[in-house]
Structure formats: C-alpha cells, structure tokens
There are 2 protein chains.
Amino acid sequence: MKTEEKIIIAARRIFREKGKDGARMQEIADQAGINKALLHYYFRSKDVLFDKIFKQEIQEVMHQILATISDQTDFRNFLYAFIREYLRNIAPRRNVIRFVLWEADKKKDQFVNYLSESFQEHGFSGNPIIGRITRAIEEGEIRPCDPVNLVLSILGMSIFPFMAAPIMERIFTGLDFTDQAFIEHRASEISALIWNGVKPEV
Amino acid sequence: MKTEEKIIIAARRIFREKGKDGARMQEIADQAGINKALLHYYFRSKDVLFDKIFKQEIQEVMHQILATISDQTDFRNFLYAFIREYLRNIAPRRNVIRFVLWEADKKKDQFVNYLSESFQEHGFSGNPIIGRITRAIEEGEIRPCDPVNLVLSILGMSIFPFMAAPIMERIFTGLDFTDQAFIEHRASEISALIWNGVKPEV
DNA sequence: GTCTATACATCGATAGAC
DNA sequence: GTCTATCGATGTATAGAC
C-alpha cells in the first residue's frame with residue numbers, strides 16, 4: 001500500500017475517535033507505520049491533514065447516501081427506501097457522524113459548502129428530500145405539513161440513535177446497533193411512524 | 001462572586017465549546033479573571049476540573065428534564081407536555097448537549113451512572129418514558145409498538161435538530177432554533193407526528 | 001522518500017513570595 | 001488565597017543525512 005494511503009487510513013481512525021484536538025501526529029504516524037517527519041513531508045501540517053480528512057469524510061458519507069435516492073416511486077416507498085439505505089450507511093459510520101458533527105461547529109462554512117457540492121454532483125438543486133416531500137403534499141400523497149420540520153424529524157430519528165449508539169446500548173441494555181436485523185427493524189419502525197403520521201385521511 | 005464559582009462558570013463555557021482536549025487551562029483562568037496557579041489551587045488538575053464540570057452538566061440537564069415529567073394525564077397530553085418541556089430545556093443548551101455527547105464516548109460508564117442517579121433522585125426506577133409508553137400500550141391508549149424504538153425516535157427528533165442547530169440553520173436558511181415560536185412550533189409538530197403514528201385505529 | 005535528531009512553542013503543573 | 005516565575009513534559013514542525 002502506498003504511504004499516502006496508509007496515512008489517510010490512520011488519520012481517519014484517530015481523528016474520528018479523538019477529534020482534531022485530541023489527535024496526536026505521533027499516534028497517526030505510529031499507526032501508519034512511519035515517523036512524524038514523513039507525515040509532515042506528505043501533509044505540511046496537522047491543519048492541512050485534518051482539513052483533508054474532514055472534507056473526505058463528509059463527501060464519502062454524502063455520496064453513499066445521495067446515490068441511493070430515487071424519485072421514481074410513490075412517497076411511501078420512497079420514504080422507506082431512503083430511510084433503509086440511510087441507516088445502512090450511517091450505522092457502520094457512527095464514529096464518522098459523531099466526529100463530523102462535533103468538528104463541523106468550528107467549520108460551519110466549509111461543512112455547508114461540502115454538502116452543497118455533494119448535492120450538485122448528484123444533480124440535485126437544493127435538498128432532495130425537501131423537494132420530494134413538497135411534491136408529495138402538492139399531489140395529495142400526504143397530508144399538508146411543514147416539509148422542513150419533517151426532514152428534521154427524519155434526520156433526527158435516523159442519525160441520533162446511531163450517533164449515540166455506545167451510550168444508547170448501555171441505557172437500553174440488550175440493543176445492538178451494529179446488528180443488521182436491528183438496523184432493518186429500526187428502518188421499518190421509523191418509516192411506519194412517519195407514514196402513519198403523514199398519510200392522507202381516509 | 002466567589003472565586004470557585006467564577007472558575008466553574010468559565011470552565012463550563014470553555015469545555016462546552018472546545019471539549020476537554022481543546023480547552024486550555026490558561027483560557028479558563030483568563031475568563032475567570034485569575035491565573036493558572038490559582039486555578040490549580042482550587043482544582044488540582046485539568047482532569048479533576050473536567051470531571052466535575054462533566055458531571056454537573058449532565059446532572060443539571062437531567063434534573064431540569066425529569067422535574068417536568070408528570071404521569072397524571074392521558075398519553076397524548078403526556079407526550080405533548082414532555083416534548084414541549086424537553087425542547088424548552090434543550091434548546092438553550094445546544095452546546096451542552098453537543099459537548100456531553102462528544103465527551104460521553106470516552107466516559108461511557110460515568111455517563112450512564114449519572115443518568116441512573118438522576119432517575120433515582122426523581123423517584124423513577126428505570127426510564128420513565130419507557131414506563132409510560134408500556135402502560136399506554138397495555139391500556140389500549142396507543143397501538144402496540146416497540147417502546148424502545150419509540151423512545152429512540154422521540155429523543156432523536158427532539159435532541160438532534162437542536163444539537164446540530166448551527167449547521168441546520170445554514171442548511172435550512174431562515175430557521176432560528178433559539179426563537180421561542182420555532183421551539184413551540186417544533187414541539188407541536190413532533191407531538192402531532194408521533195401521536196398520528198401511534199394513536200389507536202378508529 | 002524515509003530516517004534520526006532536534007528546534008521551538010505551548011501546555012499542565014508547581015515552587016515560593018506575599 | 002493570590003500572585004510571579006519557572007519547571008518538565010509533550011506537541012508540532014524542520015534540518016539534514018542517507
């Protein structure tokens with residue numbers, strides 16, 4: 001494996017776990033199997049290395065998620081498919097989400113820019129979920145509601161439990177957020193809750 | 001104001017914003033209007049100071065939240081009252097939540113212990129929300145569902161958007177997570193969504 | 001490209017005067 | 001209790017040989 005690649009992998013691991021301030025260049029070098037000097041040879045400084053990792057993490061998560069979005073079905077199926085894929089992507093990346101959300105506070109502008117870039121790269125103008133919800137309301141697929149609040153709810157239900165998984169697993173003993181069956185179960189629970197909440201009156 | 005108090009206030013501010021690793025004893029001393037030596041005189045080390053703050057933050061949030069829980073009404077009102085009070089407490093503490101969730105990963109056992117202590121102090125055995133949901137299901141107030149998943153959803157919808165407020169406000173321009181009207185609106189949106197999702201079939 | 005050795009800054013913590 | 005001054009450890013970054 002190329003040295004640069006080894007560094008990237010090591011840096012990701014350390015940054016995700018300890019954050020920028022807690023990470024040590026020495027530890028990254030150790031885990032990459034090189035020394036500090038070489039680390040600085042490839043990436044001028046800790047700042048440069050961090051920014052690179054930070055950007056990569058966001059882009060990768062966004063790419064995974066946006067690639068699964070499809071407009072081609074009715075809202076109920078769209079909702080379920082989106083949430084299921086969302087959870088499948090987020091669940092194994094609990095550390096990434098936690099890390100990004102913590103660090104993003106200090107780099108708000110960059111963060112939002114990376115999001116916008118991802119949207120554009122996938123051909124979306126603006127938030128694709130908002131768009132789909134708005135259309136569903138217009139076409140009477142669901143009851144009128146506030147699209148933004150609905151998106152906030154979907155994001156919260158999907159992201160939060162997995163982001164806080166290590167803690168949640170200790171509060172609700174017996175849960176295993178890495179178990180595939182649990183992930184699928186949770187996806188259908190979220191979908192059902194939302195669908196019941198927004199489906200048109202009969 | 002007493003010196004110790006000034007230190008606590010300053011330390012909270014700094015730790016919330018920058019985390020344990022990012023915080024500097026010098027900055028805490030500066031903001032408390034004293035010097036480093038005196039800071040170490042009151043709290044032996046950074047570790048000791050941090051643990052104290054970490055514990056206080058958790059206990060205070062939990063106390064505020066648990067104090068508002070009342071079992072005395074039907075589930076729909078219980079739900080709305082709880083979420084409304086929950087948001088009112090969480091919204092002005094976005095930094096605390098973000099900080100606690102970030103740091104709790106390294107101190108999982110302490111964190112869960114503090115939670116348990118808070119539950120007990122308020123006379124709850126186990127998670128009070130789980131208990132209320134279970135009762136509601138038994139008594140036919142709501143449709144049968146998985147209480148744990150429902151709690152995860154409630155927590156996610158409530159905590160996540162506010163925890164990520166600075167970012168969300170940039171993604172969904174125009175939102176103001178500190179605005180009282182928005183908070184109340186969001187509380188009723190969450191309640192409505194959940195209630196529609198779990199209310200018994202007519 | 002990769003290493004050893006080291007410079008330079010900063011941080012947490014302490015000694016000691018008042 | 002509060003200060004100034006400073007120590008010792010550690011972190012980022014670089015110089016220079018290979």
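Proteins come first, then strands; the chains are lettered A, B, ... in the order of their sequence lines, and each starts at number 1. Computed from a prediction, not measured in an experiment: that's the story for all the values here.
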>> Without decimals, in angstroms, what is the distance between A/Lys46 NZ and D/dT10 P?
In response: 16 Å

> Charged N to carboxylate O under 4.0 angstrom, A/Asp51 versus A/Lys107?
Replying inline: yes

> Can you check salt bridge (Lys or Arg N to Asp or Glu O under 4.0 Å) on B/Arg98 and A/Asp105, steps first, answer last?
Replying inline: CA-CA 10 Å; B/Arg98 171 174 161 273; A/Asp105 241 49; 3.6 Å; yes

Exercise answer: donor-acceptor pairs, residues 62-69 of chain B side-chain atoms, under 3.5 Å, sequence neighbours excluded:
residue	atom	partner	partner atom	Å
B/His63	ND1	B/His122	NE2	3.1
B/Thr68	OG1	B/Ile65	O	2.8

>> Enumerate the salt bridge (charged side-chain N to carboxylate O under 4.0 Å, His left out) contacts for residues 86-95 of chain B, please, sequence neighbours excluded, ordered by first and then second residue.
In response: B/Glu60-B/Arg93, B/Glu85-B/Arg88, B/Arg88-B/Glu184, B/Arg94-B/Glu169

> Hey, does the Lys NZ or Arg CZ of B/Arg76 hover above the aromatic six-ring of B/Tyr80, less than 6.0 Å from the centre and inside 45° of the axis?
Replying inline: no

> Rounded to whole angstroms, how far apart are CD on A/Glu27 and P on D/dG11?
Replying inline: 10 Å

>> B/Glu17: which residues meet the salt bridge (Lys or Arg N to Asp or Glu O under 4.0 Å) condition with it, sequence neighbours left out?
In response: none

> Which part of the nucleic acid, if any, lies within contact of B/Tyr42, taking any heavy atom under 4.0 Å across all strands shown: a base, the sugar-phosphate backbone alone, or nothing?
Replying inline: sugar-phosphate

> Can you pull the salt bridge (charged side-chain N to carboxylate O under 4.0 Å, His left out) pairs that have at least one residue in residues 108-126 of chain B, sequence neighbours excluded?
Replying inline: A/Arg170-B/Asp109

>> Can you measure B/Tyr41 atom OH to C/dA15 atom P for me and round it to whole angstrom units?
In response: 15 Å

>> Distance check needed: C/dG1 C1' versus A/Met1 CE, whole Å only.
In response: 17 Å

> Without hydrogens or angle criteria, can the side chains of A/Thr178 and A/Asp176 be said to hold a donor-acceptor pair below 3.5 Å?
Replying inline: yes

>> I want to verify a distance call: between D/dT12, C/dT14, D/dG1, whose nearest atom is closest to the B/His40 side chain?
In response: C/dT14

>> Below 4.0 angstrom, which residues in residues 3-26 of chain A have at least one non-hydrogen atom near DNA chain C?
In response: A/Thr3

>> What is the separation between atom CZ on A/Arg44 and atom C1' on D/dA15, rounded to the nearest whole Å?
In response: 15 Å

Is there any protein nitrogen or oxygen under 3.5 Å from a nitrogen or oxygen in nucleotides 3-7 of chain D, and what are the pairs?
residue	atom	partner	partner atom	Å
D/dC3	OP2	B/Asn35	ND2	3.1
D/dC3	O5'	B/Asn35	ND2	2.9

